Amino acid sequence: MKRFILALALLSATVRAETIAVKHVTIVDVNSGALVSNQTVVIDGHRIASIGRNAPKHSRVIDATGKFLIPGLWDMHVHWYDKRYLPLFIANGVTGIRQMWGNAEQRRWRQEMIGPRQVIGSTIIDGPKPIWPQSIVAKDAAEGRAAVIAEKKSGADFIKVYSLLPRDAFFAIADESKRQHIPFVGHVPSTVRASEASDAGMKSMEHLLGVLLESSTNEEAIRKDLVAAAEEAAPASALMRVSRRHAKESIETYDPAKAAALFARFVKNGTWHCPTLTVNRAVAYMDDPA
C-alpha cells in the first residue's frame with residue numbers, strides 16, 4: 001500500500017480550494033485494467049480537472065514518480081460509531097462510506113472533520129418485536145409510513161428496513177419512500193419475496209437475503225418455516241442459525257431457471273446488491289472456534 005497514492009483520498013483531504021498537480025504517476029484504469037504511465041492529474045478544488053502531461057502554473061505539485069493512482073474506494077455497508085477512527089478510512093483509500101444505521105451525531109461529523117464522504121441512513125425500521133434495541137417499530141402500514149416521514153425529516157439520506165417487518169408495513173414503507181423521494185434499502189423480510197421487494201422499488205438488498213431462497217424449488221415450505229421462526233422473536237444469533245439451515249436447504253434445491261428469472265427482474269428494476277461476503281462467511285462459520 002505504500003506504493004499507492006489514492007486519488008480521491010487526496011481530494012477528500014483538501015481542506016481549502018487549491019489546485020494540486022500529481023505528476024509522473026501511473027494511473028490504473030479500473031475499467032480495463034490498463035496502466036497509463038507518466039501522467040499528470042490536476043485536482044482543482046474538489047474535482048479532478050484534467051489528466052494529461054502538463055500542470056498549471058502556481059499549482060501545488062506532488063511528485064508521484066514510481067507510484068500508482070486509483071479511484072477512491074467505497075465501503076457500501078458500514079456500521080461505524082466512533083468519530084476518532086473515521087480518518088483511517090481515508091488512510092486506507094476508502095473515500096466514501098454508506099452508514100447503514102444513521103443518527104444525528106454522524107450527520108454532525110460530516111460537517112466537522114476530514115474523513116470519507118458519508119451517505120447516512122435512517123434508524124433501522126423493524127417489526128413489532130425488533131431484533132435490535134433502539135430500532136423503530138412499525139407493526140402496520142400506518143407506522144411504516146410515519147417512520148419514513150419522520151426519518152426523512154431528521155435528515156436521513158435513505159430508509160433502512162429490516163428482517164421482521166410485516167408485509168403491510170414493508171409495502172407501505174416502499175410506497176411512502178416513493179412519495180417522499182427517498183431511496184429505501186436493507187434487509188428483505190422473510191414475509192416478502194426478493195422479486196416483490198425489487199418490484200416495490202427497493203434500491204439495494206443487503207447480505208443477499210431472499211435471493212437464494214427464491215432460487216429454490218422448495219421456496220414456499222422453507223419460507224413458511226422461516227416466517228414461523230421469525231415470529232418467535234428469537235435473538236439474532238438464533239435467527240442466524242435458522243437462516244443458515246434454510247440456506248443449506250435452498251442450496252440443495254437450487255433451480256438455475258428460477259435464479260435466472262430473478263436476476264433478470266433485478267436488472268429490469270435496477271435493483272442493486274451489497275452482498276457483505278465477510279458477514280455471510282461469519283454466519284456460515286459461526287460455530288467454528290477457529
Side-chain angles (χ1 to χ4, degrees), residues 74-83 85-86 89 96-113 115-194 196-210 230 233 236 239 266 269-276 279:
W74 275 78
D75 190 331
M76 294 299 287
H77 193 114
V78 168
H79 293 274
W80 205 262
Y81 307 105
D82 192 327
K83 175 181 178 180
Y85 291 96
L86 281 172
F89 283 103
I97 62 176
R98 194 171 60 143
Q99 293 272 20
M100 298 304 290
W101 187 335
N103 59 46
E105 187 175 25
Q106 291 166 338
R107 295 177 193 116
R108 285 195 299 272
W109 295 345
R110 197 156 50 180
Q111 309 301 322
E112 295 172 356
M113 63 179 296
R117 292 181 175 90
Q118 296 186 67
V119 180
I120 302 173
S122 69
T123 301
I124 283 175
I125 306 174
D126 206 353
K129 298 177 182 179
I131 293 174
W132 302 110
Q134 285 80 54
S135 299
I136 296 173
V137 169
K139 65 178 182 291
D140 55 30
E143 290 186 350
R145 290 185 185 278
V148 172
I149 293 167
E151 287 300 291
K152 182 182 179 182
K153 187 176 180 180
S154 76
D157 296 320
F158 59 88
I159 300 300
K160 168 77 178 286
V161 297
Y162 220 65
S163 300
L164 301 184
L165 277 170
R167 279 181 65 86
D168 60 344
F170 178 88
F171 289 110
I173 289 168
D175 183 64
E176 192 61 42
S177 295
K178 289 179 184 176
R179 290 172 180 265
Q180 299 296 327
H181 304 289
I182 185 169
F184 88 100
V185 311
H187 291 202
V188 178
S190 52
T191 56
V192 177
R193 303 182 82 208
E196 292 179 308
S198 176
D199 289 346
M202 198 171 193
K203 185 66 175 176
S204 79
M205 298 178 181
E206 309 305 303
H207 316 301
L208 300 176
L209 289 173
L239 284 175
F266 293 150
N269 292 333
T271 306
W272 291 80
H273 288 268
C274 187
T276 64
V279 173

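The basis for the numbers below is simple: all heavy atoms, side chains too, and nothing from hydrogens, waters or symmetry mates. Everything numeric here is computed off the predicted structure, so don't read it as measured data.
Between L165 and A138, the shortest heavy-atom distance links the atoms CD2-O, 3.8 Å. Considering all non-hydrogen atoms of both residues, V137 and G127 come closest at CG1-O, 3.7 Å.
E196 is not listed as a side-chain neighbour of F170, based on a closest heavy-atom distance of 4.5 Å or more. The closest side-chain heavy-atom distance from E176 to F184 is not below 4.5 Å. Looking only at side-chain heavy atoms (C-beta outward), R179 and V148 stay at 4.5 Å or farther from each other. Contact of the D140 side chain with the P166 side chain is not registered, since no non-hydrogen atoms from C-beta on lie closer than 4.5 Å.
Atom CH2 of W80 has 12 or fewer neighbouring heavy atoms from other residues, nucleotides or ligands inside a 6.0 Å radius. In the displayed structure, E112 atom CD is contacted under 6.0 Å by more than 12 heavy atoms of other residues, nucleotides or ligands. Counting heavy atoms of neighbouring residues, nucleotides and ligands inside a 6.0 Å radius, atom NZ of K139 does not exceed 12 of them.
Checked by atom type and distance alone, the side chain of S177 pairs as donor or acceptor with a backbone atom of I173 at under 3.5 Å. At distances below 3.5 Å, at least one donor-acceptor pair connects side-chain atoms of D126 with backbone N or O atoms of I131.
We find the OG1-CD distance between T123 and E151 to be 4.0 Å, quoted to the nearest 0.5 Å.
Between E206 and the options H187, H77, K160, a side-chain hydrogen bond (donor to acceptor under 3.5 Å, both in side chains) holds for only H77. Of the candidates R110, R107, R98, D157 forms a salt bridge (charged side-chain N to carboxylate O under 4.0 Å, His left out) with just one, namely R110.
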